[in-house]
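The structure under discussion appears below in the form of structure tokens.
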Amino acid sequence: MLDNAVKIVFGGKILHQKCIWHALEIVKRQIDFQRARQDYLRFKKKYVASLEDKKVFYHSRREKLAEMKTDLEFLQEEYSAKEGLIASVREMLNQKTSSAISAKLTIIKRRYKDKYPSEGSCGRVISFLNANLEGLTTYIINHDIPKTNIMAENFNRQLQRRLKTIEAFQTVATAFNYLNMIRNYIRFKPYTDCKGKRKYRNHRSPIELCRVSLRSRDWIKNSINYPKLSTAN
């Protein structure tokens, strides 16, 4: 839907990076990763509790522990294999060149083709990556494109929060003007609470991070006069 919307609004070929975080979440669902993780951690906790049980020295209890250990090793192997696949996909999607991505994808196919049946979990993952690889690696063409859609989701979250307070617009023009105002407010509003690697964004607005120098930090004035009051670097 987003691809179609971008084409309708802007027309032509528009570079669009699909969210790597969401892609990894899809991969996790395809291989049932969360279930494998929960089963392993739950059974591991149960096994450790059994080891600490004072009745462990009874013969029947030792046999039970041996069975539990075998089951735990099976669950651990399944969980580790799926965790390894996810780590490999993440590493592949963070390479800096197309050749490196292709090489990593070849390794994934070779390494996991025996771990999962071709028509099973890994087969679905490979099909998903093949179908979406171009969109997931657009950042190679333009390094300024974010690899995730976190910024877009934050914008939508702020927009929806404001729309909840409005029952309806009287005209299309009114709706357009309101949405335009909100868009510009967020566009010119400086970040204040970024942490870690994103700390450099603090005290700079989204549009300044897009390499636009503003002559004024008054977001209302900028909204009225933009782009007259801005100059590209």
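In this chain, numbering begins with 1 at the start of the sequence shown.
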Exercise. Give the cluster check for Met181 versus Leu163: same hydrophobic cluster or not, with ILVMFWY residues linked at side-chain heavy-atom distances below 4.5 Å.
Key: yes

Quiz item: Would you say Leu159 and Phe188 are hydrophobically clustered, going by side-chain heavy atoms of ILVMFWY under 4.5 Å?
Solution: yes

Exercise. Show the numbers, then the answer: is there a side chain to side chain contact (heavy atoms under 4.5 Å, CB included) between Leu24 and Val89?
Key: CA-CA 8 Å; Leu24 289 172; Val89 173; 3.8 Å; yes

Check whether more than 12 heavy atoms from other residues, nucleotides or ligands sit under 6.0 Å from atom [atom1] of [X], and answer yes or no.
| X | atom1 | result |
| --- | --- | --- |
| His16 | NE2 | yes |
| Arg201 | CZ | yes |
| Phe128 | CZ | yes |
| Phe169 | CZ | yes |

Quiz prompt | Residues that Arg183 engages under side-chain contact (heavy atoms from CB on, under 4.5 Å), provided they are two or more places apart | solution = Phe155, Asn180, Arg187

Self-check item: For Asn94, side-chain contact (heavy atoms from CB on, under 4.5 Å) partners two or more places apart
Solution: Arg90, Lys147

[X] side chain near [Y] side chain, heavy-atom distance below 4.5 Å:
| X | Y | value |
| --- | --- | --- |
| Lys44 | Leu75 | no |
| Leu41 | Gln76 | no |
| Tyr40 | Glu78 | no |
| Tyr178 | Ile166 | yes |
| Arg124 | Val27 | no |
| Ile207 | Leu214 | yes |
| Ile220 | Asn184 | no |
| Arg111 | Ser88 | yes |

Quiz item: Does one side chain, of Thr171 or Thr174, offer a donor that lies under 3.5 Å from an acceptor on the other?
Solution: yes

Quiz item: Hey, mind stepping through Glu208 and Ser213 against side chain to side chain contact (heavy atoms under 4.5 Å, CB included) and telling me if it holds?
Solution: CA-CA 6 Å; Glu208 288 177 294; Ser213 297; over 6 Å; no

To the nearest 0.5 Å, what is the distance between [atom1] on [X] and [atom2] on [Y]?
| X | Y | atom1 | atom2 | value |
| --- | --- | --- | --- | --- |
| Tyr191 | Tyr200 | OH | OH | 9.0 Å |
| Met92 | Thr106 | CE | OG1 | 10.0 Å |
| Ile186 | Ile182 | CD1 | CD1 | 6.5 Å |
| Glu83 | Ile31 | CD | CD1 | 10.0 Å |
| Leu72 | Lys45 | CG | NZ | 14.5 Å |
| Lys104 | Ser99 | NZ | OG | 11.5 Å |

Which atom names give the shortest non-hydrogen contact between [X] and [Y], and what distance separates them?
| X | Y | answer |
| --- | --- | --- |
| Phe43 | Met68 | CE2-O, 3.2 Å |
| Asn202 | Thr192 | OD1-C, 3.2 Å |
| Lys189 | Pro206 | O-CD, 3.2 Å |

Practice problem: Give every residue pair that meets the side chain to side chain donor-acceptor pair (under 3.5 Å) criterion with at least one member in residues 151-169, sequence neighbours excluded. | Solution: His22-Glu153, Asn154-Arg157

Quiz prompt | Summary of side chain to side chain donor-acceptor pair (under 3.5 Å) pairs that have at least one residue in residues 128-142, sequence neighbours excluded | solution = Lys18-Asn132

Quiz prompt | Pairing residues for Asp39 by the salt bridge (charged side-chain N to carboxylate O under 4.0 Å, His left out) criterion, not counting sequence neighbours | solution = Arg35, Arg42

Quiz item: Can you check side chain to side chain contact (heavy atoms under 4.5 Å, CB included) on Leu136 and Ile101, steps first, answer last?
Solution: CA-CA 11 Å; Leu136 288 168; Ile101 289 174; over 6 Å; no

Practice problem: Could you give me the CA-CA distance, side-chain angles and deciding distance for Ile26 and Gln30, then say whether side chain to side chain contact (heavy atoms under 4.5 Å, CB included) is met? | Solution: CA-CA 6 Å; Ile26 291 174; Gln30 288 176 326; 4.0 Å; yes

Self-check item: Ring centres under 6.0 angstrom apart (Tyr79, Phe33)
Solution: yes

Self-check item: Under 3.5 Å: donor-acceptor pair, side chain of Asn149, backbone of Cys19
Solution: no

Quiz prompt | Exam field: side chain Lys109 to backbone Ile126, donor-acceptor pair closer than 3.5 Å | solution = no

Self-check item: Residue pairs, two or more places apart or on separate chains, that pass salt bridge (Lys or Arg N to Asp or Glu O under 4.0 Å) and touch residues 20-29
Solution: Glu25-Lys28

